[in-house]
Amino acid sequence: MRIVVDFDLCESNAVCMGIAPEIFEVRDDDFLYVLDENPPESMRAKMEESVQRCPKQAISIAED
Amino acid sequence: MNSTTVIVGASLAGINAARTLRLQGQEGPIIVVDADPERPYDRPPLSKQMLTGEWEPEKILLPAGKEDLGLDFRLGVRAKAVDLSARQITLEGSGGQMETTAFDSLVIASGASARRLPDSAGIAGVHVVRTLADSLALREELDAGPSRVVVVGAGFIGAEVASSCRKRGLDVTLVEAMPLPLERILGAEMGRVCAQVHIENGVDLRLGTGVLQLETETVDGVEKVVGVALTDGTTVAAEVLVVGIGVSLNTEWLEGSGLTLEDGVVCDNTLLAAPGVVAAGDIARYPSARFGRMLRVEHWETAIAGGEAAALRLLAEASGETPAVFDPIPWFWSDQYDRKIQLAGRPMPTDQCVVVHGSTDEFRFVALYGDGDHLTGVLGMNRPRHVVQLRAIFEEGASFSEACERAATL
Ligand SMILES: Cc1cc2nc3c(=O)[nH]c(=O)nc-3n(C[C@H](O)[C@H](O)[C@H](O)COP(=O)(O)OP(=O)(O)OC[C@H]3O[C@@H](n4cnc5c(N)ncnc54)[C@H](O)[C@@H]3O)c2cc1C
Ligand code: SF4
């Protein structure tokens, strides 16, 4: 599972960080950083929740 | 679960209930009814990117509405009445034809409609923003470059419409009946900050005054708004008038059903309104132990979370499992000009409010609300990281003073 963020859509509202701070981090520069683009399978539910809850539909999961 | 579920409302709460039911194992039919003929779409962009013209309608389709979940969509169809003992719902098609459909379980997600000014029906140039059609109709008038837009109501939607009009370079007058915008939600101190944001962005803000009457002109048989007379005795010329004075709940089809309707559909703390009947989203009122009162929350995230929880509630009822309590911390955002306002929690306007990060002069800060030492809210302006971190601290049950201390370390 690979996490793909469309940074043209992302507005750094940190919703994903609220769900999975170990993967998503909005820093003081107001940009989102993906800390681990290939999260372990055990994080799948949280990654799917992040996809659903991102108000900008900016997150997707690629299977490769 | 091999029974039939009817969901009324194919918006955020309804569609997420449908998706959850299907993904969590409901095999029987899921009929999703909505009076709006459009494919399910997302509302927050209607006052933001859709009005500025940045986005087109395809971009706001709800992802769950595009998934292949085997849902039986009935779009352009309105629920008219429900008989809970006979387990039947009466539906009206777009052509006015009536039909009765049987169900085993029902999800009430019919949300809310925009309130309008009295006596404004049929007057050209007067708008509300709740549906895609509303947003497109307003956008068309904004495209024509009106000399001034008057927005009535400085709540979140009015503020966002004002912001979108300013982004287009249009002159805007924003009229608010209360002495400060958002005072009932954010308190006076933060209401003042929100007022200042409008002023800094070139809005002609008129506080503490309401609409006395619309001034209209009839040209070629069409009555059109040309101005608005305010209760403070002034008149403002307006080619376009946008009304953002709150919502009325879509409960008419539930009258006489036996459900308790009191500013929403009254549910228990698991969103159950009656056996086999759940409610979610803007329309659901539920007891919150966290805030010690009944809540009805008109936020995007609560509609998603409520839709999911309502679906799981039905599944728990069918399987005999213990249902989960629904009591999340309400959270929303609002985009105004270049500011992002986020609020987690449900403060009372009289709660104490302390800025714990940044400064209100820079419009970049975080503030905490407390009722005594009970933490009731986290407000941020252009501070999303802090809001999210403090929301997690809130979730852990921190007191107001504890949250203030921990805020200093973030
Ligand atoms: C312009 C705008 C901007 C917003 N911006 C934000 C924001 O920035 N942040 C935020 O947190 N929230 C925002 N919100 C709030 C958020 O969009 C709502 O909380 C959410 O849409 C509620 O979803 P819902 O499914 O409960 O109800 P609704 O979205 O109101 O949907 C109810 C659906 O039921 C249908 N319906 C009603 N009655 C019937 C009937 N009798 N028969 C059949 N169908 C019926 C309606 O057609 C509608 O599609 C905004 C709302 C609007 C309108
Ligand atoms: S939730 Fe979406 S928009 Fe918000 S920071 Fe994450 S990716 Fe960006």
Side-chain angles (χ1 to χ4, degrees), chain A, chain B residues 12 15-16 19-20 23 41-45 48-49 54-55 58-67 299-305 307-308 328-329 331-335 338-344 357-358 364 366 378 380-395 410:
Chain A
M1 158 173 63
R2 188 162 51 87
I3 294 300
V4 183
V5 172
D6 181 338
F7 286 97
D8 288 335
L9 286 175
C10 171
E11 55 167 9
S12 300
N13 54 34
V15 172
C16 51
M17 179 179 173
I19 297 164
E22 51 284 70
I23 307 295
F24 301 106
E25 185 175 293
V26 173
R27 297 200 185 138
D28 262 347
D29 60 7
D30 276 347
F31 286 110
L32 170 69
Y33 293 82
V34 180
L35 303 179
D36 181 356
E37 286 189 355
N38 297 288
E41 202 51 36
S42 58
M43 298 276 314
R44 183 171 287 275
K46 289 209 160 179
M47 293 304 102
E48 278 175 359
E49 190 182 344
S50 305
V51 170
Q52 292 297 325
R53 297 289 165 92
C54 168
K56 285 293 159 92
Q57 300 181 28
I59 310 175
S60 53
I61 300 174
E63 305 295 343
D64 51 19
Chain B
L12 209 52
I15 204 85
N16 278 288
R19 178 175 193 271
T20 305
L23 296 183
Y41 57 86
D42 202 21
R43 292 185 204 278
K48 308 178 183 80
Q49 296 88 345
E54 287 160 80
W55 286 9
E58 307 82 68
K59 195 143 181 178
I60 67 168
L61 291 177
L62 287 175
K66 293 187 274 186
E67 272 177 74
H299 301 344
W300 187 87
E301 198 186 64
T302 307
I304 299 181
E308 291 172 358
I329 294 178
W331 173 87
F332 79 88
W333 80 98
S334 174
D335 297 331
D338 58 352
R339 300 291 105 177
K340 179 173 294 296
I341 299 170
Q342 295 174 309
L343 177 73
H357 241 281
R364 191 172 153 91
V366 187
V378 179
M381 199 178 268
N382 284 24
R383 273 276 165 251
R385 175 171 74 82
H386 294 78
V387 172
V388 160
Q389 288 173 327
L390 284 162
R391 179 192 183 179
I393 290 171
F394 196 169
E395 195 95 54
L410 296 178

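Letters A, B, ... are given to chains in the order of the sequence lines, protein chains preceding strands, and every chain is numbered from 1.
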**Asked** Under a 4.5 Å cut-off applied to non-hydrogen side-chain atoms, are B:Glu308 and A:Glu49 in contact?
**Response**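 The answer is no, as the side chains (C-beta and beyond) never meet within the 4.5 Å cut-off.
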[X] to [Y] - nearest heavy-atom pair and separation:
X: A:Lys56; Y: B:Trp55; value: CD-CH2, 3.7 Å
X: B:Leu61; Y: A:Gln57; value: O-NE2, 3.2 Å
X: A:Pro55; Y: B:Trp300; value: CA-CH2, 3.5 Å

| field | Portion of B:Glu395 that has a non-hydrogen atom of chain A nearer than 4.5 angstrom | value |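 Contact with chain A: none, neither part.
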- Item | Part of B:Pro63 within contact of chain A (heavy atom distance under 4.5 Å) |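 Both parts, backbone and side chain.
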| said: With a 6.0 Å cut-off (strictly less than), is the heavy-atom count around CZ of A:Phe31, excluding the residue itself, greater than 12? | reply: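 12 or below, so no.
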**Request:** Give, for atom NZ of B:Lys59 and atom CG of A:Leu9, the distance between the pair rounded to the nearest 0.5 Å.
**Result:**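 Result: 5.0 Å between the selected atoms.
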Quiz prompt | Straight-line distance of A:Gln52 CD to B:Leu62 CG, nearest 0.5 Å | solution =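 Rounded to the nearest 0.5 Å, the CD-CG separation comes to 10.0 Å.
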message: Salt bridge check, B:Arg364 against A:Asp30: does any charged N sit closer than 4.0 Å to a carboxylate O?
response: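 Result for this pair is yes, salt bridge flagged.
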B:Lys48/A:Glu11 salt bridge by N-O under 4.0 Å criterion:
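Salt bridge between A:Glu11 and B:Lys48, a charged N being under 4.0 Å from a carboxylate O: no.
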If you check every heavy atom in residues 12-25 of chain A against those of chain B, which residues fall under 4.5 Å?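 Listed by number, the contacting residues are A:Ser12, A:Asn13, A:Ala14, A:Val15, A:Met17, A:Gly18.
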| query | Can you list the steps and then say if B:His386 with A:Asp28 is a side chain to side chain contact (heavy atoms under 4.5 Å, CB included)? | reply | CA-CA 9 Å; B:His386 294 78; A:Asp28 262 347; 3.9 Å; yes
*With sequence neighbours left out, write down each residue that passes salt bridge (Lys or Arg N to Asp or Glu O under 4.0 Å) with B:Asp335, or none if nothing qualifies.*
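With neighbours one apart ignored, the set is B:Lys340.
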